[in-house]
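Working notes, beginning with the structure itself.
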Amino acid sequence: MPLEAAAGRPGLYVLHVERRQAELPLLRLGIAAGTAERSILVPALASTDYLVSVPNTARFTVDDAEASALTIRRAGLLDRLRSIERPRVSRPIRLAVDGIAIRPLLRGTGAEGRALAKAMRVLTRWGFGLASANLQQTPELLFDHDTASEMHPPLLPAGEPRFVIVLHLYYEDLWPEFEHFLSRIRLPFRLIITTPHGAPIFADAARRAFPSARIATLPNRGRDVAPFLHLLNEGAFDGFEFVLKLHGKRTAITRHHGALGHVWRRASIIDLAGSDETIRRILARFAADPSIGMIGSARFRAPGSAVPEQAAWGANRAAILALTKRIGLGEISHLDYFAGTMFWVRRKALEPLRRLNLSDADFPEEQGQRDGELHHALERLFGTLPGLSGMRLESVPPRLET
């Protein structure tokens, strides 16, 4: 049974939610006002207050698997003061729905609340604000992947594969999520999984789902980029027309930061490999237009509104220019790439990377570096590769529920 709390008349209320242990700091909240009913995502930690302005009457519900308590009370003067924005303090995040204004009072939860507010502001810059269709209408953005193992077919589809899917998993516990999506593909494909760990439990689970999958254990250097180049240089993609590059992006394990990486990863998967139909449409675009060399999610194409040109270069300008010179591209003045390094690409567009002759040892040991390393420069360089063969980048629009 869902938990329920009701506001019996118009006014300002405090809605209080307490949660059981949850992986993500997002909660699905049901709202019923008059004849309208909606389900929305709101930020939530172990204990969160929301200042709610109700124009008439309203009822709020949460699934009892998501929360252990849901209460509502009239707001007092102290509650109003808590909602006032102050300099250098995390701003409350507003969300209006059906005439009801909801303001999570995140700064009241201390350091975790401030960190979550910061993560939500970054997501907002990338188009995932609380009221956005990207966040509220992307299908399966928050589904429970723990049950995904029940959904895979026993074998990969038969036939000669035209494309290879390269999946890098540092966080092997994310495998059920990828299994959920990959199991939907009915076109034949080759699956290669790279990981620095190769835990037997993970490897066994992956091979049960996809018996012909290759699992390559490689050094923990260069995150998802170095293993990808390792496979390219050894010829693992030879014989395929297209490559789909995915990885288990996770900004941080801690819950208050986790929303950023989760939303980025899940939205990328949904846009690039969310269904068999999605993949067929992408392959059809490649077939219809030979000038397309790379396809990625429009949500994460940079530079753009989220990342202006100067910020897109980051601390990588010198390294990028050195790399472009080595592969014969010359000096470039403009970047165009898919942030997060998840994309479809024609295999032949990757050939210039072999000229770099990079090995695992060229990449630094992992120490949580945020920018300025070889793999950060290569993330941006990927988008320039199609141009060397007279091809271009194309974006796929977000997949949204209507």
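As the structure is a prediction and not an experimental result, all values here were calculated from the model. Numbers here simply count residues along the sequence, with the first being 1.
- Relative orientation of the Phe228 and Phe237 rings is tilted, given thresholds of 30° and 60° on the angle between their planes.
- With salt bridges taken as basic N to acidic carboxylate O contacts below 4.0 Å, none links Arg347 and Glu241.
- For OH of Tyr170, the number of neighbouring non-hydrogen atoms (other residues, nucleotides, ligands) closer than 6.0 Å is 12 at most.
- Shown here are the salt bridge (Lys or Arg N to Asp or Glu O under 4.0 Å) partners of Arg28, two or more places apart in sequence or in another chain: there are none.
- Ring geometry for Phe210 against Trp175 counts as perpendicular: the plane angle is over 60°, on a 0 to 90° scale with 30° as the lower cut.
- Here Arg223 does not pair with Glu373 in a salt bridge; the nearest charged N to carboxylate O distance is not below 4.0 Å.
- Remark: the backbone N or O of Met391 is not paired with any side-chain donor or acceptor of Ser389 at under 3.5 angstrom.
- Using a 4.0 Å cut-off between charged nitrogen and carboxylate oxygen, Asp289 and Arg392 count as a salt-bridge pair.
- The backbone N or O of Gly383 sits nowhere less than 3.5 Å from a side-chain atom of Asp336 that would complete a donor-acceptor pair.
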Query raised in the report: For Asp238 and Arg354, what are the C-alpha separation, side-chain angles and deciding distance, and is it a salt bridge (Lys or Arg N to Asp or Glu O under 4.0 Å)?
Result: CA-CA 12 Å; Asp238 295 353; Arg354 287 179 164 173; 2.9 Å; yes
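- In Glu401, the CD atom is crowded: over 12 heavy atoms of neighbouring residues, nucleotides or ligands sit closer than 6.0 Å.
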Report task. I would like to know whether His16 and Thr71 meet side-chain hydrogen bond (donor to acceptor under 3.5 Å, both in side chains); could you show each step before the answer? Result -> CA-CA 5 Å; His16 178 76; Thr71 60; 5.3 Å; no
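- Of the charged side-chain nitrogens involved, none lies within less than 4.0 Å of a carboxylate oxygen, so that Glu177 and Arg250 do not count as a salt-bridged pair.
- Formation of a donor-acceptor pair under 3.5 Å by the Arg380 side chain with backbone atoms of Ala312 is found in this model.
- For the residue pair His376 and Gln369, no side-chain donor N or O sits within less than 3.5 Å of a side-chain acceptor on the partner.
- The closest donor-acceptor contact from the side chain of His262 to the backbone of Leu141 lies under 3.5 Å.
- Using a 4.5 Å cut-off on side-chain heavy atoms (C-beta onward), Leu378 and Leu358 make contact.
- Among the candidates Leu70, Leu51, Thr48, Val62, the single residue satisfying the side-chain contact (heavy atoms from CB on, under 4.5 Å) test with Leu15 is Leu70.
- Counting non-hydrogen atoms of other residues, nucleotides and ligands closer than 6.0 Å to CD of Glu234 gives a total above 12.
- Judged by distance alone, with hydrogens and angles left aside, the side-chain atoms of His168 form a donor-acceptor pair with the main-chain N or O of Thr194 at under 3.5 Å.
- Between the side chain of Ser297 and the main chain of Ser268, no donor-acceptor pair closer than 3.5 Å is present.
- Closest approach of Asp360 and Pro219 over heavy atoms only: OD2-CD, 3.5 Å.
- Atom CG of residue Leu218 and atom CG of residue Leu231 lie 6.5 Å apart, to the nearest 0.5 angstrom.
- Each of Phe163, Phe189, Phe286 was evaluated against Phe242; a single residue qualifies, Phe286, per the ring-ring contact (aromatic ring centres under 6.0 Å, His included) test.
- Side-chain atoms of Gln136 come within 3.5 Å of backbone atoms of Leu41 as a donor-acceptor pair (strictly under, hydrogens ignored).
- Using a 4.5 Å heavy-atom cutoff, the side chains of Asp271 and Thr278 are not in contact.
- At a threshold of 4.0 Å, the pair Lys245-Asp224 counts as salt-bridged, since one of the basic side-chain nitrogens sits closer than that to a carboxylate oxygen.
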